[in-house]
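Heads up: the structure comes next, in structure tokens.
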Amino acid sequence: MIEFPKPDVEEMLQTVSIIDFAVSPDEKQFIFCTNISGKYNLWAMDLPNAFPYRLTFNNQPCHELLYDQEGRFVIAGFDHDGDENTQFYALKPHGGAMKKVVYQENTRNFSPQLSSDGERLYYSSSKENPSYLNTYCLQLSTGEETTVLEGSGGTTYIAEVSEDETTTLYYQFFSNTNSRYYARVGEEEILLTPPTEKEHTVSFAVLTSPTEVYLVTDYEADFSYLAKFDLETKTFTKVKEIPKEGFTTLIYDKENRILYITAEKGVEDRLYAYHLDEGLWGNMVIPCDLITKVAVAKSGTVYLLGGGSVQLGNVYKREGDKWVQITRNKMAGMAEEDFVAPEVVTYPSFDGLEIEALFYKAKEEHDKGEMILWPHGGPQHAERKSFNAIFQYFLSNGYSIFAPNFRGSTGYGLNFTKMVERAWGAGPRLDNIAALDWLIDQGYAKKGEIIVMGGSYGGYMSLLLHGRHADYFKAVIDVCGPSNLFSFIHSVPEDWKSAMDAWVGHPERDREKLIEYSPSTYIDQMIKPMLVVQGANDPRVVKAESDQIVEALKEKGRDITYIVMEDEGHGFAKKENEIAVFRQVLEFMEKYASKTANVH
Ligand SMILES: CSCC[C@H](NC(C)=O)C(=O)N[C@@H](C)C(=O)N[C@@H](CO)C(=O)O
């Protein structure tokens, strides 16, 4: 038998992602957004399992995707090179030129909803109300438009329009941990949770009859549960909660009156089915660790997009009690065993709070005894069991990775998530330091030999740890991290600004804290080699955040490398950029790779 060489680790970077999908009403076609060509586009397959054909050529990821109920056209949302100014286009399901249906430069458009006859498009937009958004009803054949909802007090998004278009569900977003859902029935506005001053979220709601709404909320609870609101009697009822699990989305099967409920349990997801008429609740075994999307076709057939830490994202169809894989996204030449699955570990933080983390240990044959601390982005987000090609690339090159879900992360209840608010550089920083001390105590890392790397809030945390605890590290990598919380607060998208006080802090009232929590306060102590990566079009953490820290460190004569990606936003949407940058990151790390690193 021929002996083949081991796969080149560079191949790890070539993995393909599927980030969204939709199934036609007759289930004969399936459209999905993938970077199979290196850049994201929409592709389609005629089911079952035919050869994929390409529908778009704009090389942009799709942010919204919905079929007209009769399958005559598709509505898709695209921005340009990461600017997050999403515009809506209509496409014929089998390809051809796209038609702009909602297009105004420098505006942000959200949440498109088609009327059941496919004649009208409802959507929320920043165009006349950049802070709070308005919602419009656009007549697709004539272009005539009416304003149906004027946002005020909090960013206001449409969520659903009833079949007869007399009832609208919409929500007001005040912060990631404070939101409300309303139903507008005729002229009446109905709040779907009992009135209270206490902050809570309502993250999802669906109309299951003209008078019945099911919702996901953590009203008077730590973890989100399923509740029901009766629009006639105005009664709110808790329906189902599961200890230590937070429900996330609801997908309604109208044909069979079943609600599918996705839930997060720490670093994994769960899926449940709730039969509304029988009151039956069932756990559905899923073929993956994490669910990206669940969709139900008109017939009631369930489709799921999901993946795991050693499993690329794929779409599955429910047949009987089995999941049948309908895409074959795989890493040619590699098996699951070639990848590293993380261990889920917990460690006590400075104040005794238990922190969960994903610990990716480089395989013995690769291990160089190097350790990367990876604080995740968000910060109200979490490091979970998703496939991460970059992690696998570093692991194959001998670097272990420790990714803690510090306080402020999602998946551990509302109170835990709130712990980062107005405290960006307080508890979460010390949770990261406790992670390092734990690794050092266990013999996995050596003080002064650790690399810290992160993106977004993870980039911010890398900068802050560098400034305040440089003695732990030998090199620092910051990908689009805010460097100064004052300038960050003023430069985020307009529709985020009303949430900045609750989320980050107030520039005057919290002045002292914001100085303490800003990495730019600690320039003098940032003495280790640093690599900064930034997308030129990033609207969340604008380029000036990276420019200013790079300039200040250059002035001090520090060892700093700066990479700007001209055609990217907040992260990477283009494979060639991602590969080029992470090759450079590896080169940078190899330059500082220590001969003295602790091999356990
Ligand atoms: C507070 S305004 C909206 C914040 C936004 N929330 C939603 C629902 O989109 C949010 O949390 N975004 C983060 C994922 C994010 O982009 N964070 C950036 C900015 O800090 C990051 O650097 O991590």
Side-chain angles (χ1 to χ4, degrees), residues 63-64 79 82-84 86 108 110-111 124 126 130-133 151 153-157 159 171-181 199 201-204 216 224 246 248-249 374-384 386 403 405-406 408-411 414 417-418 420-425 428 432 453-464 478-506 514 517-519 532-535 537-546 549 568-573:
H63 299 293
E64 304 281 354
D79 71 346
D83 66 8
E84 298 186 20
T86 299
R108 289 155 66 83
F110 306 91
S111 196
S124 304
S126 68
S131 303
Y132 299 123
L133 314 180
T155 321
T156 306
Y157 302 85
Y171 63 100
Q172 255 183 326
F173 177 91
F174 304 105
S175 77
N176 288 333
T177 57
N178 190 11
S179 53
R180 299 285 178 280
Y181 251 83
E199 291 190 1
T201 67
V202 187
S203 52
F204 227 92
V216 168
S224 291
T248 41
T249 62
W374 173 267
H376 64 73
Q380 289 166 320
H381 207 63
E383 196 59 47
R384 308 184 72 222
S386 57
N405 282 333
F406 46 81
S409 304
T410 48
L414 181 70
T417 305
K418 277 189 158 297
V420 67
E421 290 176 354
R422 294 191 180 138
W424 274 40
N432 277 284
M453 167 168 25
S456 306
Y457 178 88
Y460 156 86
M461 183 52 71
S462 302
L463 294 173
L464 188 67
D478 153 38
V479 182
C480 58
S483 64
N484 177 322
L485 293 183
F486 293 93
S487 50
F488 171 61
I489 286 170
H490 290 113
S491 59
V492 293
E494 282 306 309
D495 51 279
W496 283 26
K497 283 190 178 157
S498 62
M500 295 312 272
D501 182 359
W503 199 34
V504 184
H506 190 278
L514 293 179
Y517 301 156
S518 286
V532 176
V533 182
Q534 175 71 46
N537 304 326
D538 189 341
R540 305 184 193 197
V541 180
V542 297
K543 184 168 164 282
E545 287 301 309
S546 292
I549 197 109
E568 296 280 13
H570 197 64
F572 302 87

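Whatever order the structure lists them in is the order used to number ligands and atoms, beginning at 1.
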Aromatic ring proximity F488/Y517, centre distance under 6.0 Å = no

Give a yes or no answer on whether the side chain of K497 reaches the backbone of I489 with a donor-acceptor pair at less than 3.5 Å.
-> no

Nearest protein heavy atom under 4.0 Å from atom 9 (O) of ligand 1, yes or no = no

Side chain, backbone, both or neither: F174 near ligand 1, heavy atoms under 4.0 Å | neither

Y457 heavy atoms, cut-off 4.0 Å: which ligand 1 atoms fall inside?
-> 21 (C), 22 (O), 23 (O)

In ligand 1, the atoms that come under 4.0 Å of a heavy atom of A499 are 1 (C), 2 (S)

Taking N or O atoms only and a 3.5 Å limit, does W424 qualify as a polar contact for ligand 1?
-> no

So, Q380 and E421: side-chain donor and acceptor under 3.5 Å apart, yes or no?
-> yes

Looking only at heavy atoms, which two atoms of N176 and T201 are closest? And how far apart?
-> O-CG2, 3.6 Å

Distance-minimising heavy-atom pair for S462 and G454 = OG-N, 3.3 Å

Going by distance only, is there an N or O of V541 that falls short of 3.5 Å from an N or O of ligand 1?
-> no

What protein heavy atom sits nearest atom 13 (C) of ligand 1, and how far away is it?
-> G378 O, 3.4 Å

Test side chain to side chain contact (heavy atoms under 4.5 Å, CB included) applied to K543 and D538, step by step | CA-CA 7 Å; K543 184 168 164 282; D538 189 341; over 6 Å; no

Starting from atom 21 (C) of ligand 1, which protein heavy atom do you reach first, and at what distance in Å?
-> S456 CB, 2.9 Å

How are the rings of W424 and W503 set relative to one another: parallel (under 30°), tilted (30 to 60°) or perpendicular (over 60°)?
-> perpendicular

Please lay out, stage by stage, how V504 and W496 fare under the test side chain to side chain contact (heavy atoms under 4.5 Å, CB included).
-> CA-CA 11 Å; V504 184; W496 283 26; over 6 Å; no

Is the shortest N/O to N/O distance between W496 and ligand 1 below 3.5 Å?
-> no

Near-ring test H376/F406, centroid separation under 6.0 angstrom | yes

Looking only at protein heavy atoms, identify the closest one to atom 11 (O) of ligand 1 and say how far it is in Å.
-> N176 ND2, 2.9 Å

For Y460 and ligand 1, answer yes if some heavy atom of the residue is under 4.0 Å from a ligand atom, otherwise no.
-> no

Quick one: does ligand 1 sit under 4.0 Å from the side chain of W503, the backbone, both or neither, non-hydrogen atoms only?
-> side chain

So which protein heavy atom does atom 16 (O) of ligand 1 come closest to, and at what separation?
-> R540 NH1, 2.7 Å

Where ligand 1 meets F488 - atom numbers and elements under 4.0 angstrom, heavy-atom basis = 19 (C), 20 (O)

